[in-house]
Amino acid sequence: MIKLDNVSLVFQGGSVALSNISTTINEGEFVYLVGHSGSGKSSFLKLLYKEYISTKGSIEVAGLDVVQLPRWKTPLLRRKLGIVTQEPQLLEKRNTYENIAFALEVMGTSNDEIESKTNTLLDLVELNENAFKYPDQLSGGEQTRVSIARSLANNPVVLLCDEPTGNLDPELSIQIVSLLEKINRAGTTVVMATHDSSIVNRRKKRVIELANGKIARDESEGSYILR
Amino acid sequence: MNKFSYVIKNTILNMRRTPLLVFATIIAVLVSSFLVFTTLSARSIVQNNTVRWQNGTHVVIFLDDRVTTTAHKQLQQSLETYPEIRTVEYFTKSEAEEEFKILFKDQPELLSEVDYEKLPSSLRVNLNDPSDYELIIERMDGNPAVKEIRTSGEAIERLLSLTNTLVISASTFALLIGFAAFILIINTLRLAAYSKKKEIKIMRLVGASSTYIRLPFIFEAVFESLIGTSIAVGLGWGIIEYSKNSIVAESIFDITISDSYLIYLTLVLLLSSIIFGLFASFVGIRKVLND
Ligand SMILES: Nc1ncnc2c1ncn2[C@@H]1O[C@H](COP(=O)(O)OP(=O)(O)OP(=O)(O)O)[C@@H](O)[C@H]1O
Ligand SMILES: [Mg+2]
């Protein structure tokens with residue numbers, strides 16, 4: 001599903017975010033991407049959805065050659081992905097329902113389909129009661145769930161989440177992670193960046209640890225303990 | 001279909017966000033188009049009215065057809081001996097007919113009714129100094145071969161040069177205002193794009209195509225420039241129709257402008273305004289929507 005081969009990312013100033021990364025993530029896997037701040041987690045995810053373009057190496061995501069993919073075809077890649085950014089990017093002037101529906105609206109989905117799909121997603125992330133609240137009336141965890149619901153609107157095959165539990169207390173974090181696991185069980189491949197050791201240690205999934213832009217460890221399900 | 005309505009909805013939303021800028025843009029396009037439309041029409045009208053006086057003809061001596069052509073030729077020869085005259089050209093009845101057809105090409109009723117046999121032949125006189133035309137009138141006075149004399153006079157000379165000045169200065173202003181309209185559109189679009197920064201970011205994230213993201217902006221630019229030009233052209237047509245009916249036909253300023261020229265002018269202006277809008281939107285959002 002995701003395959004990186006000898007991938008490096010060097011920024012214009014010369015700072016190296018990732019160097020010689022090679023790894024494969026299979027369909028249906030749930031992977032935690034961990035590492036200290038600045039280790040390259042966000043950069044790793046951004047390479048996968050072509051927000052950043054790798055300096056070297058090849059990247060394959062959902063059957064697409066990300067590096068060779070011409071710029072105008074980037075939307076094709078994005079349509080296969082669900083992206084939850086580090087800050088939940090919600091539109092302040094739209095309520096929960098409208099924020100989720102937005103992803104369908106801009107794809108030209110018919111009104112009937114928008115309505116039924118948005119309601120299904122509200123159910124999934126358990127935000128029915130908050131459907132008509134605006135982002136500034138939602139808690140951090142609720143905002144994250146809106147963002148997750150929106151990312152799922154167009155049935156992605158891969159879900160990329162950048163620190164979705166970033167500013168949440170442990171209980172809420174577990175809620176979010178449970179939600180992601182539920183989505184994963186339905187068949188979606190999930191990659192989640194985090195530095196929350198309590199979650200990683202408790203949920204027993206595959207863990208890729210980055211350090212200084214390199215893969216420091218890659219542990220299969222259950223064997224990883226993050227200190 | 002839903003895609004299209006999304007684009008239209010967002011075009012309108014964008015425009016509602018900056019009503020004053022939109023208004024200013026439309027006004028600028030309107031003034032610019034109006035200047036182009038009216039000066040080109042005016043030039044065409046002046047040209048239609050002065051065809052006879054171009055190519056350096058200063059005096060036209062209409063000949064009496066009851067007199068023989070030999071008498072006409074004699075008159076031509078004697079005219080050629082005058083020091084103030086440079087050339088004299090004999091203009092036959094059939095040439096007169098052709099000229100008439102050009103002059104009144106937009107009035108088919110008139111063309112079909114006219115008895116071309118009655119159009120006189122004439123002598124077209126070119127003077128060394130156009131202001132000498134009164135001398136010629138004096139000399140021809142009482143000559144039996146002469147039916148009527150028309151001179152360009154200095155008025156026509158001045159009119160022609162005035163028209164050229166008018167066309168040049170109006171085009172300059174049209175260009176300047178058009179440039180202002182261009183800047184206004186660019187700024188309107190950039191402002192709209194800036195205020196929708198987050199929305200555009202999310203659209204990118206969920207995989208909306210870049211054409212789709214751009215279309216509302218392109219539509220806005222084309223719409224504004226098309227509206228401005230349409231109003232300008234409408235006003236122009238109105239003014240021409242009004243003058244056609246209000247000015248007497250015999251006056252030197254016959255409003256003779258062919259409908260086909262007006263339609264041509266209208267289409268060219270509308271097409272240009274579409275291209276103008278496309279180009280302005282291209283420049284306006286090229287950088288803003290590129291990351
Ligand atoms: N756009 C950029 N331009 C220059 N340097 C960048 C850019 N984005 C990231 N970096 C650098 O790349 C390195 C990796 O950054 P990245 O955001 O991937 O880290 P991270 O693991 O996500 O950190 P955090 O846990 O704080 O989110 C850092 O040194 C950062 O300064
Ligand atoms: Mg990060």
Side-chain angles (χ1 to χ4, degrees), chain A residues 45-46 48-53 62 64 69-94 98-115 135 146-147 149-158 160-162, chain B residues 1-19 21-22 188-223 278-279 281-291:
Chain A
L45 294 177
K46 284 177 179 171
L48 299 185
Y49 60 89
K50 211 167 175 158
E51 177 73 23
Y52 290 163
I53 293 163
L64 292 172
L69 196 73
R71 202 190 180 85
W72 63 272
K73 276 188 173 172
T74 308
L76 290 182
L77 169 70
R78 303 262 170 105
R79 281 172 215 171
K80 296 179 176 231
L81 306 175
I83 300 161
V84 179
T85 49
Q86 199 158 349
E87 278 99 45
Q89 305 265 3
L90 301 181
L91 297 168
E92 307 301 331
K93 287 188 181 142
R94 287 170 181 254
E98 292 163 340
N99 261 292
I100 298 171
F102 183 70
L104 295 158
E105 227 174 87
V106 300
M107 297 307 295
T109 314
S110 72
N111 290 336
D112 290 347
E113 206 180 330
I114 290 178
E115 198 182 323
V146 177
S147 174
R150 186 184 60 202
S151 76
L152 295 173
N154 292 300
N155 305 320
V157 290
V158 178
L160 305 173
C161 302
D162 199 351
Chain B
M1 196 54 223
N2 219 33
K3 280 199 174 184
F4 187 69
S5 70
Y6 173 87
V7 171
I8 296 298
K9 197 176 91 187
N10 275 274
T11 307
I12 295 165
L13 279 177
N14 279 359
M15 289 171 63
R16 287 232 308 247
R17 215 167 297 185
T18 51
L21 265 177
V22 170
T188 316
L189 295 191
R190 289 202 175 148
L191 214 64
Y194 189 78
S195 69
K196 292 178 74 176
K197 220 173 166 175
K198 200 167 182 183
E199 211 170 310
I200 290 167
K201 198 173 174 184
I202 297 167
M203 285 175 90
R204 284 241 165 75
L205 225 47
V206 299
S209 73
S210 80
T211 320
Y212 201 44
I213 296 174
R214 279 155 203 262
L215 271 179
F217 298 95
I218 297 170
F219 270 42
E220 178 178 348
V222 171
F223 182 72
L278 286 175
F279 183 63
S281 67
F282 173 78
V283 175
I285 56 177
R286 191 175 45 126
K287 286 233 172 75
V288 195
L289 296 187
N290 237 1
D291 48 305

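Naming: A, B, ... by sequence-line order, numbering from 1 per chain.
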How long is the straight-line distance from CZ of B:F223 back to CG of B:N14, given to the nearest 0.5 Å? 12.5 Å

B:K196 portion near chain A, given a 4.5 angstrom heavy-atom threshold: neither

Output for pair (A:E105 CD, A:N111 CG), nearest 0.5 Å, gives 8.0 Å

Counting heavy-atom pairs under 4.5 Å with chain B, which one of A:R78, A:K80, A:R150, A:R94 comes out on top? A:R78

Can you check whether A:E92's main-chain N or O pairs, donor with acceptor, with B:K198's side chain at less than 3.5 Å? no

More than 12 heavy atoms from other groups under 6.0 Å of OH on B:Y212: yes

Identify which part of A:S151 has an atom lying under 4.5 Å from any heavy atom of chain B, answering side chain, backbone, both or neither. neither

Heavy-atom distance under 4.5 Å to chain B: side chain of A:L81, backbone, both or neither? neither

